[in-house]
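Below: the structure, in structure tokens.
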Amino acid sequence: MPLFKTVRGMRDFLPDEAKAMKNLENRARRIAKLYGYDEIITPIVESYELLSAKAGDEVRSRMFFFKDLGGRDVALRYEFTASVARLVATAFRNEPKPLRLFSVGTLYRYDEPQKGRYREFWQSNYELMGSSRPEADAEIIMLTDSLLKSAGLKGHTFKIGHVGVLRSIFHQEKLQEDTQNAIMQLMDKKQCDAALETVKNAGASANAIKTIQKLMKLKSNDAFDVVDKMRSCVENYKEAADEVDNLFKILKLISESRCEIGIHVDASFARGLEYYTGMIFEVNVPELDIALGGGGRYDKLVELFGGEPTPALGVAHGLDRILLALQMQNASPKEQEASAVVVIAVQESLIAEAMKIAQKLRDAEIRVEVDVMGRKVAKALENADRKKIDYAVIVGEKELAENSAVVKDLQRREQKAIKIDEIANLIKSGNLS
Ligand code: HAM
């Protein structure tokens, strides 16, 4: 047999990496709790038709698609949003709104593997269903900022745009939805000239072309200045002007709440997924040229899946990339870990007693390893030091006769015989003396 490797684009998470990922996952879960999002678990395999409905050509071409043994067209999920929208159109159809739903787990895209880009990756995903108001948009951005700050990240900035502005102009110019999607895909790839060419070929008016050309140049860290300029750009387009106003309200809510967020507004910003209808955003750090997260408003998706018309928006955070960014900023989050303990029997006849004590400590929620290598005490202690274990409980005949065992603080190098019933409390208090 050959020595097997992981499949291209797939990774193993060794203990430290797995711990970091699980810590971040739990942090995302805590943020969900703080903002009132309930966790749901959806399947990794979904129908291809559901996933491909509004994916956009780029994502569609990168799906892990296959026929199952029953001949069904299925694919591995490439995002959570489609699954959540499916639920809102079905099981949650009659639930009172708003619904705040959180998911976390692995996603699959046949992307070209490189730093921060994998074929299996993790997202924490938050969807807010049932509100068309700007405070919902502001919440999703503030929640993203809360997660990144709580993970220890610094210097992240939000790039914010609004696809509703451009789409309203296209709509007023009677451009077909397919053409609109093609234009947005080109803009997502920063091919603005080709996008403009497509607008021209679709028969848009000279005024529309001039307006779009001007909009494409509007971007700055001075958010309200860009919004002012966008407003004067779209004077002749009533619906587009309303969308600019919507963007203004979202930005105003963010700036008036006390949360300090670095914002760059870009009127030409588009995202690959086709379902977006309003505000869109991505979050970046200077250390990486790929986004740590992204999201936006998609008011038509639930309806497309057969549900009630439901305004909606959400965000997904790339957990692998957040960990990478933290590493690059030398800011790997250190969770306050509970103390770890090793229980060592001095002689073979005491192993059952050692296991009994270990079980008692675990019942008190203490992490315990039992030496299962038959090591002598000195060797077992050496191994505990190597593994940075905090305490050793050494089970010897003499102490056992008095219902006690020796507890050794491996950092302070102090030790003391302690009644077995009191060991858990002492270890939890962190103080042997
Ligand atoms: P997305 O921008 O496609 O949005 O993905 C969100 C995040 O997932 C990206 O910003 C990135 O951090 C991470 N990500 C994407 N592809 C990869 C990859 N190949 N390797 C590592 N990380 C990756 C969505 O998925 C939308 N569903 C977000 C959303 C939720 N919109 C509304 N609700």
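In listed order, ligands and their atoms are each counted from 1. Every value quoted in this text rests on a predicted model; they were computed, and no experiment measured them.
At least one heavy atom of Gly116 sits less than 4.0 Å from an atom of ligand 1. Distances from ligand 1 to the non-hydrogen atoms of Tyr126 include no value under 4.0 Å. The shortest separation from a heavy atom of Tyr275 to ligand 1 is under 4.0 Å, placing the residue in contact. The shell of residues lying under 4.0 angstrom from ligand 1, judged by heavy atoms, includes Leu273.
For atom 14 (N) of ligand 1, the closest non-hydrogen atom on the protein side is Phe121 CE1, 3.5 Å. Nearest protein neighbour of atom 12 (O) of ligand 1, counting heavy atoms only, is Ala291 O, 2.9 Å. Ranking protein heavy atoms by distance to atom 32 (C) of ligand 1, first place goes to Gly314 O, 3.3 Å. The protein heavy-atom contact nearest to atom 28 (C) of ligand 1 is Gly294 O, 3.4 Å.
Both tests do not hold together for Arg297 against Tyr276: distance to the six-membered ring centre under 6.0 Å, angle to the ring axis within 45°. The cationic group of Lys159 lies under 6.0 Å from the six-membered ring centre of Phe269 and within 45° of the ring axis, placing it in a cation-pi geometry.
When each of Glu177, Glu303, Glu79 is paired with Lys54, the salt bridge (charged side-chain N to carboxylate O under 4.0 Å, His left out) condition holds for Glu177 and for no other.
Between Val59 and Leu273, the closest side-chain pair of non-hydrogen atoms falls below 4.5 Å. When side chains are defined from C-beta on, Arg72 does not count as touching Ser47, because their heavy atoms never get closer than 4.5 Å. Side-chain contact between Arg8 and Arg119: present, with at least one pair of heavy atoms (C-beta onward) separated by less than 4.5 Å.
Ring geometry for Phe248 against Phe224 counts as perpendicular: the plane angle is over 60°, on a 0 to 90° scale with 30° as the lower cut.
Distance CD1/Ile250 to CD1/Ile140: 11.5 Å, rounded to 0.5 Å.
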Inset, instruction - Under the side-chain hydrogen bond (donor to acceptor under 3.5 Å, both in side chains) rule, what do His162 and Asn246 come out as? Steps first, then yes or no, please. - result: CA-CA 9 Å; His162 199 298; Asn246 173 254; 2.9 Å; yes

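Atom 5 (O) of ligand 1 has its nearest heavy-atom neighbour, among Arg321, Gln123, Glu79, Arg117, in Gln123. Around atom 3 (O) of ligand 1, the closest heavy atom drawn from Arg109, Glu112, Arg271 belongs to Arg109. Selection from Phe80, Tyr118, Tyr276, Phe281 by nearest heavy atom to atom 29 (C) of ligand 1 gives Tyr276.
At under 3.5 Å, a nitrogen or oxygen of Asp111, whether backbone or side chain, sits near a nitrogen or oxygen of ligand 1. Between Leu292 and ligand 1, at least one pair of N/O atoms sits closer than 3.5 Å.
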